[in-house]
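Contents: one structure, followed by commentary.
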Protein chains: 2
Amino acid sequence: MKIAEVSEKYGLSLDTLRYYERIGLIPTVTRTPNGIRDYGEMDIKRVEFIKCMRSAGLPIEVLIDYVALVEQGDSTVDARKEILKEQRVLLAAKIEDLQKTLNLLDYKISIYENKLPTK
Amino acid sequence: MKIAEVSEKYGLSLDTLRYYERIGLIPTVTRTPNGIRDYGEMDIKRVEFIKCMRSAGLPIEVLIDYVALVEQGDSTVDARKEILKEQRVLLAAKIEDLQKTLNLLDYKISIYENKLPTK
DNA sequence: ATAACGCCTGGAGTTAACTCCAAGTCAAGG
DNA sequence: CCTTGACTTGGAGTTAACTCCAGGCGTTAT
């Protein structure tokens, strides 16, 4: 799969995809004989995963570590699991926070709606 | 209330509080005769609101606009309500996204847990 | 065959949101 | 009286995560 298609498919710019590769987030992308990126199935999956995690606010740094562990093979399974678990906890907390903020927004909106004193 | 107490209470650094004031997020903070910040009740409420919204990822730019409208008085009630509603929609969508990501994390963790093939 | 297109590279620039710093004022303690 | 400590200011520096650019190459379209 060409970079333009990947870009299209996941809503990431060409620059972003190249940037991700540079910093080690997608280290396995191969090239055609004349040097053009050709994303394999695994690369695509990885991009999807990265996209998802990034949009949840997971830092790139963490993803780099994770990907590096994956590249190191099966001996790193435990370390990887730990990373994911840690991020799971953080994410769950974040969702709770956001939910509270959403409630606050709803409350404020309802006040405006009912034309009560603004404060 | 002194700036140090506000900082303590909301976990925002002194620099951040001063920065917020500079950019117009907390325009109403008064000073003691010798120039030291003295946060009033309204300022405190505003800091709390800002803190909450910021931790939900609401851009500072939006908050500046909102606060400016509040300062302009009752004629801006509708505009303010619109801002909040818009942000509410964005936030709800974000929560949904995060929830999906959380599910994906859980799925991945469960795979590691069951020692199924890594991939 | 020449122009346009899509891709490549390394490196510089941008943006949001802080965060730090130097230099200065003031009030209280030893 | 001198130091310590909390506060002030304007401005510069930092960080994460892109985003843009100039210069170049190889294939496709006219």
Side-chain angles (χ1 to χ4, degrees), chain A residues 1-40 43-44 46-47 49-68 87 90-91 94 97 101, chain B residues 1-40 43-44 46-47 49-68 87 90-91 94 97 101:
Chain A
M1 205 172 187
K2 285 194 165 88
I3 191 169
E5 299 172 70
V6 180
S7 168
E8 174 71 17
K9 184 162 182 190
Y10 294 107
L12 297 168
S13 77
L14 300 179
D15 273 316
T16 298
L17 285 169
R18 293 196 271 245
Y19 164 70
Y20 282 173
E21 191 176 336
R22 262 198 271 199
I23 62 176
L25 264 188
I26 331 171
T28 52
V29 180
T30 55
R31 308 300 174 96
T32 64
N34 47 36
I36 289 175
R37 286 176 182 79
D38 182 24
Y39 289 74
D43 300 318
I44 305 286
R46 189 161 285 172
V47 169
F49 173 67
I50 290 166
K51 161 85 184 193
C52 182
M53 293 301 137
R54 280 298 301 132
S55 66
L58 225 118
I60 280 186
E61 193 56 39
V62 172
L63 293 173
I64 291 174
D65 291 352
Y66 181 81
V67 166
Q87 294 303 321
L90 292 175
L91 185 51
K94 190 178 204 162
D97 265 25
T101 303
Chain B
M1 204 170 188
K2 283 190 165 88
I3 190 168
E5 300 173 67
V6 180
S7 167
E8 175 70 18
K9 186 163 182 191
Y10 294 106
L12 296 168
S13 79
L14 300 180
D15 273 315
T16 299
L17 285 169
R18 294 197 270 248
Y19 164 70
Y20 282 174
E21 191 177 337
R22 263 198 272 200
I23 63 175
L25 263 187
I26 332 172
T28 53
V29 180
T30 56
R31 308 301 172 96
T32 64
N34 47 37
I36 289 174
R37 286 177 181 79
D38 181 25
Y39 289 74
D43 299 320
I44 306 286
R46 188 161 287 172
V47 169
F49 174 65
I50 289 165
K51 161 83 183 192
C52 183
M53 293 302 137
R54 280 299 300 134
S55 66
L58 226 118
I60 280 187
E61 193 56 36
V62 171
L63 293 173
I64 291 174
D65 291 351
Y66 182 81
V67 166
Q87 294 303 321
L90 293 175
L91 185 52
K94 190 178 202 163
D97 264 25
T101 303

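Computed over heavy atoms, backbone and side chain alike; hydrogens, waters and symmetry mates excluded. First the proteins, then the strands, lettered A, B, ... as listed; each starts at 1.
If you check the side chains of B:D43 and B:T28, you find a donor sitting under 3.5 Å from an acceptor.
Note that CG of A:L14 and CD of A:E8 are 10.0 Å apart. Values are rounded to the nearest 0.5 Å. To the nearest 0.5 Å, atom CG of residue A:L63 and atom CD1 of residue A:I23 are 8.5 Å apart.
Using a 4.5 Å cut-off on side-chain heavy atoms (C-beta onward), B:E21 and B:R37 make contact.
At D:dC7, none of the side-chain N or O atoms of B:R37 fall inside 4.0 Å of OP1 or OP2 (strictly under the cut-off). Side-chain nitrogen and oxygen atoms of A:R54 include at least one within less than 4.0 Å of the OP1 or OP2 phosphate oxygen of D:dA17.
Between the CD atom of B:E21 and the C1' atom of C:dA17 there is a distance of 17 Å, rounded to whole Å. Between B:K51 atom NZ and C:dA17 atom P there is a gap of 15 Å when expressed in whole angstrom units. With rounding to whole Å, A:E61 atom CD is found 19 Å from D:dT14 atom P. For the pair A:L17 CG and C:dG6 C1', the interatomic distance rounds to 15 Å; values are reported in whole Å. If you take OH of A:Y20 and C1' of D:dT19, they are 12 Å apart, rounded to a whole angstrom. B:D38 places its CG atom 12 Å from the P atom of D:dC7, with the value rounded to the nearest Å. Counting to the nearest Å, the C1' atom of C:dA12 and the OH atom of A:Y19 are 14 Å from each other. Following rounding to the nearest Å, B:I23 (CD1) and D:dG10 (P) show an atom-to-atom distance of 15 Å.
Of the candidates C:dT19, D:dA17, C:dC7, D:dA17 carries the atom nearest the A:P59 side chain, counting heavy atoms from C-beta on.
Residue B:L14 is classed as having no contact, given no heavy-atom separation below 4.0 Å to the nucleic acid. Using a 4.0 Å heavy-atom distance criterion, B:R31 is classed as a sugar-phosphate-only contact.
Side-chain atoms of B:N34 stay outside donor-acceptor range of the base of C:dC26, with no qualifying N/O pair under 3.5 Å. A donor and an acceptor atom sit less than 3.5 Å apart, one in the side chain of B:D15 and one in the base of C:dC20. Scanning atom types as modelled, one donor and one acceptor separated by under 3.5 angstrom connect the side chain of B:R22 and the base of D:dG11.
Comparing B:G57 and B:R18 by the nucleotide of DNA chain C whose heavy atom lies nearest to each, the residue mapping closer to the 5' end is B:G57.
No option in A:V67, A:I50, A:V6 other than A:I50 meets the side-chain contact (heavy atoms from CB on, under 4.5 Å) test with A:I26.
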